[in-house]
Number of protein chains: 2
Amino acid sequence: MKTKTRAKNMGDIAVLANVSKPTVSRALRDSPLVTAETKALVLEIARKHGYAVNRNAQKLRDKRTNTIAVVADFKSFPGSRLADPFSFELLADVAQALSLRSQDLLLCAPAEESHETYQTLLASRHADGIIFLGQGQRDPMLRQLAKTDAAFVVWGAVAQDQPYCAVGGANVRGGELVGARFAESKRRRAVFIGGSDEHLEMKQRRLGFEKALLAKQPSASVGHIVVSNFSYESALAAMVAYLDGKNKNEYPDAIFAASDTIAMAVYKALRDRGLSVPKDVSVIGYNDNPHAAWCSPSLTTIRQDTRQAGSLLVEQLMMMLEGRKPQSIMIPAELIVRES
Amino acid sequence: MKTKTRAKNMGDIAVLANVSKPTVSRALRDSPLVTAETKALVLEIARKHGYAVNRNAQKLRDKRTNTIAVVADFKSFPGSRLADPFSFELLADVAQALSLRSQDLLLCAPAEESHETYQTLLASRHADGIIFLGQGQRDPMLRQLAKTDAAFVVWGAVAQDQPYCAVGGANVRGGELVGARFAESKRRRAVFIGGSDEHLEMKQRRLGFEKALLAKQPSASVGHIVVSNFSYESALAAMVAYLDGKNKNEYPDAIFAASDTIAMAVYKALRDRGLSVPKDVSVIGYNDNPHAAWCSPSLTTIRQDTRQAGSLLVEQLMMMLEGRKPQSIMIPAELIVRES
DNA sequence: CTGAAAGCGCTAACAT
DNA sequence: ATGTTAGCGCTTTCAG
């Protein structure tokens with residue numbers, strides 16, 4: 001017996017089934033225009049021959065790829081280790097949301113950050129739309145891209161004048177929750193450690209924090225330590241440098257870290273000076289990474305529901321692709337109180 | 001002035017440039033068969049009109065997609081949080097290696113685990129090959145798949161009788177390093193906590209561990225705590241149950257955790273009983289996740305170079321696609337000594 | 001060096 | 001309910 005030769009195209013199946021190509025096509029797409037018998041026959045033959053419809057031919061004909069490009073920053077900076085796990089949880093949840101809608105996920109690392117690169121991505125029918133996981137410094141590029149007919153959505157800060165669709169956390173609210181908590185525990189020398197105000201999300205968190213803390217505790221001071229990237233290493237360096245520049249009696253008694261990774265660096269810097277968390281210094285992080293719960297003392301932090309974020313991102317993008325108007329959406333920030 | 005209309009296909013550009021379609025095609029692919037002037041002209045016009053070659057038409061014609069499907073288990077089990085960060089570092093490095101070779105990355109969550117699913121993936125010209133990030137329980141399926149002409153490589157245990165190409169860590173060696181270290185510090189009641197022997201990688205680590213420890217410390221005992229999945233929660237439950245079943249004087253004084261995530265659960269269980277690391281119990285993990293260095297006491301662990309793994313996986317797969325014979329490869333295990 | 005023709009595999013439109 | 005035709009956009013012959 002010959003080895004089962006794999007039928008390569010619809011024509012082959014059509015011949016084998018003694019029907020025409022379109023009938024095979026219809027049968028495989030379960031069209032009501034085909035007899036149950038014919039359908040069964042075609043399906044059986046296709047199965048037996050390991051035939052699968054050529055997706056590229058479909059895409060060419062349909063002018064629709066059912067593919068979404070997802071742009072994720074893997075590394076916080078070149079040569080660094082993994083970026084914050086948050087992006088990966090988000091990626092996983094976006095992947096799931098896309099899979100629910102039978103959309104393929106083309107994973108892209110950001111290359112040159114020009115809007116033309118992304119226009120080309122779409123123009124070449126590589127993907128129907130783009131999901132940017134992280135707005136970071138690319139707001140200007142995104143504004144450019146928004147002037148075109150490119151379909152895209154962004155995880156990042158939701159702002160008033162934004163010409164594109166964003167899904168993001170309630171950063172101001174998140175900051176407020178932290179500020180309020182520090183006020184309750186009567187902390188007086190607070191510090192925010194995170195990105196500069198150029199990162200819109202960072203700015204929002206910082207402002208909410210400052211506002212809420214000072215509202216309840218007007219005499220408190222609020223410092224700002226700027227980290228150049230969100231890696232543990234640079235956060236640690238920034239934190240150490242900050243403490244080096246202070247007398248012991250000027251040390252902060254409350255630190256709001258813009259990410260849990262940064263909070264881990266804060267822990268380290270404090271431990272190395274013999275300061276105790278939360279007795280001497282209260283620390284709160286952001287994102288509720290898994291290890292926030294595992295470290296000791298376990299880390300109080302702000303949780304954002306990535307599952308919800310993922311499905312909203314996909315949902316809004318699909319709306320765009322259907323020609324409907326998408327909406328920017330904020331998802332809630334929740335304070336997860338732990339030992340720190 | 002009219003808004004710049006986007007030329008949609010090669011024909012349009014050809015007309016605009018007053019040349020034929022093939023010439024446009026050649027010009028855009030930088031063929032030596034085209035005059036520099038013609039080339040410049042075509043390029044300029046294409047650029048001006050935001051034209052990009054239709055990838056799907058290319059793929060249809062070339063019968064090559066330049067796309068690699070990457071199958072990654074996002075969740076250690078349904079409903080869980082993120083899988084171990086290790087998979088994501090690996091994914092990031094695979095992505096980079098693919099991008100270096102101008103291959104697109106189609107990210108797939110594993111669906112039904114039948115080899116036919118994956119044959120279909122390839123038969124439909126969705127991708128040219130597959131990289132499985134994690135062998136886990138699917139060795140039988142992979143053996144099936146290996147009987148077909150499917151091009152794929154796997155991150156996982158490298159074994160003798162394997163009919164497919166695997167790239168994996170030196171798990172036996174990794175286990176030996178841990179066993180040797182515990183022997184040096186005169187530990188006598190050792191335990192391995194990790195997956196069952198059905199996970200080949202786990203088995204290799206455990207056997208290497210046992211062998212090396214008993215070789216230098218024949219009187220030592222080596223226990224085995226089986227976790228049902230690699231989540232923190234199930235590891236914690238397993239560890240607690242184990243300790244619950246022992247008298248204090250039977251407690252282990254050395255624990256080898258099959259992943260850093262599991263090691264964090266071990267830390268927690270020990271802390272909760274007032275046991276000190278490393279005084280009472282020495283702990284060693286696996287993978288060198290970022291937070292292994294951040295926790296306190298910082299975690300001694302085995303590092304595997306994911307960068308190298310990523311590029312080897314891609315390299316071997318490319319060899320297969322070129323019709324050359326790929327090779328299974330082990331990458332070194334390195335003991336990173338920290339405080340634990 | 002350039003162009004004309006053909007065909008990759010599919011499906012929608014239009015017959016029948 | 002099924003078949004015929006045409007064309008999606010590209011590139012590789014082959015001819016000039």
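Per chain, numbering begins at 1; letters A, B, ... match sequence-line order.
When the shell of 6.0 Å around CD of A:Gln327 is examined, it contains 12 or fewer heavy atoms from other residues, nucleotides or ligands. In this structure, B:Glu322 places its CD atom where more than 12 heavy-atom neighbours from other residues, nucleotides or ligands lie under 6.0 Å away.
Between B:Asn54 atom CG and C:dG9 atom P there is a gap of 17 Å when expressed in whole angstrom units. In this structure, the CG atom of A:Leu41 is 10 Å from the P atom of D:dT2, given to the nearest Å. Rounded to whole angstrom, the span from the CE atom of B:Met10 across to the C1' atom of D:dC8 amounts to 14 Å. When rounded to the nearest whole Å, the span between CG of A:Leu60 and P of D:dT11 equals 12 Å. When the P atom of C:dC1 is taken as reference, atom CD of B:Glu37 falls 10 Å away, rounded to whole Å. Rounded to whole angstrom, the span from the NE2 atom of A:His49 across to the P atom of C:dG9 amounts to 17 Å. Summarising the geometry, the separation between CG on B:Asn56 and C1' on D:dG7 is reported as 16 Å, rounded to the nearest angstrom. A:Asn9 places its CG atom 8 Å from the P atom of C:dC8, with the value rounded to the nearest Å.
Side chain of A:Lys63 to backbone of A:Arg125: no donor-acceptor contact under 3.5 angstrom is found. With B:Gln135 contributing its side chain and B:Ala157 its backbone, the two residues share a donor-acceptor pair below 3.5 Å.
For the residue pair B:Ala97 and B:Gly310, the shortest heavy atom distance occurs at CB-O, 3.8 Å.
Under 4.0 angstrom from either OP1 or OP2 of C:dG9 there lies no side-chain N or O belonging to A:Tyr51. Between A:Gln58 and C:dT11 there is a side-chain N or O to OP1 or OP2 distance below 4.0 Å.
Nearest nucleotide to the side chain of A:Thr35, out of D:dT2, C:dT11, D:dC10: D:dT2.
Ring-plane geometry between B:Phe132 and B:Phe152 is classed as perpendicular, the angle between the planes exceeding 60 degrees on a 0 to 90 degree scale with a lower cut at 30.
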Identify each atom pair where a protein N or O and an N or O of nucleotides 3-6 of chain D are less than 3.5 Å apart, giving names and distance.
unit_1: D:dG3; atom_1: OP2; unit_2: A:Ser20; atom_2: N; d: 2.6
unit_1: D:dG3; atom_1: OP2; unit_2: A:Ser20; atom_2: OG; d: 2.9
unit_1: D:dG3; atom_1: OP2; unit_2: A:Thr23; atom_2: OG1; d: 2.9
unit_1: D:dG3; atom_1: N7; unit_2: A:Arg26; atom_2: NH1; d: 3.4
unit_1: D:dG3; atom_1: O6; unit_2: A:Arg26; atom_2: NH2; d: 2.5

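In this structure, B:Asp62 and B:Thr38 both approach DNA chain C, and ranking their closest nucleotides by distance from the 5' end singles out B:Thr38.
Between the side chains of A:Asp12 and A:His49, no donor N or O sits under 3.5 Å from an acceptor N or O.
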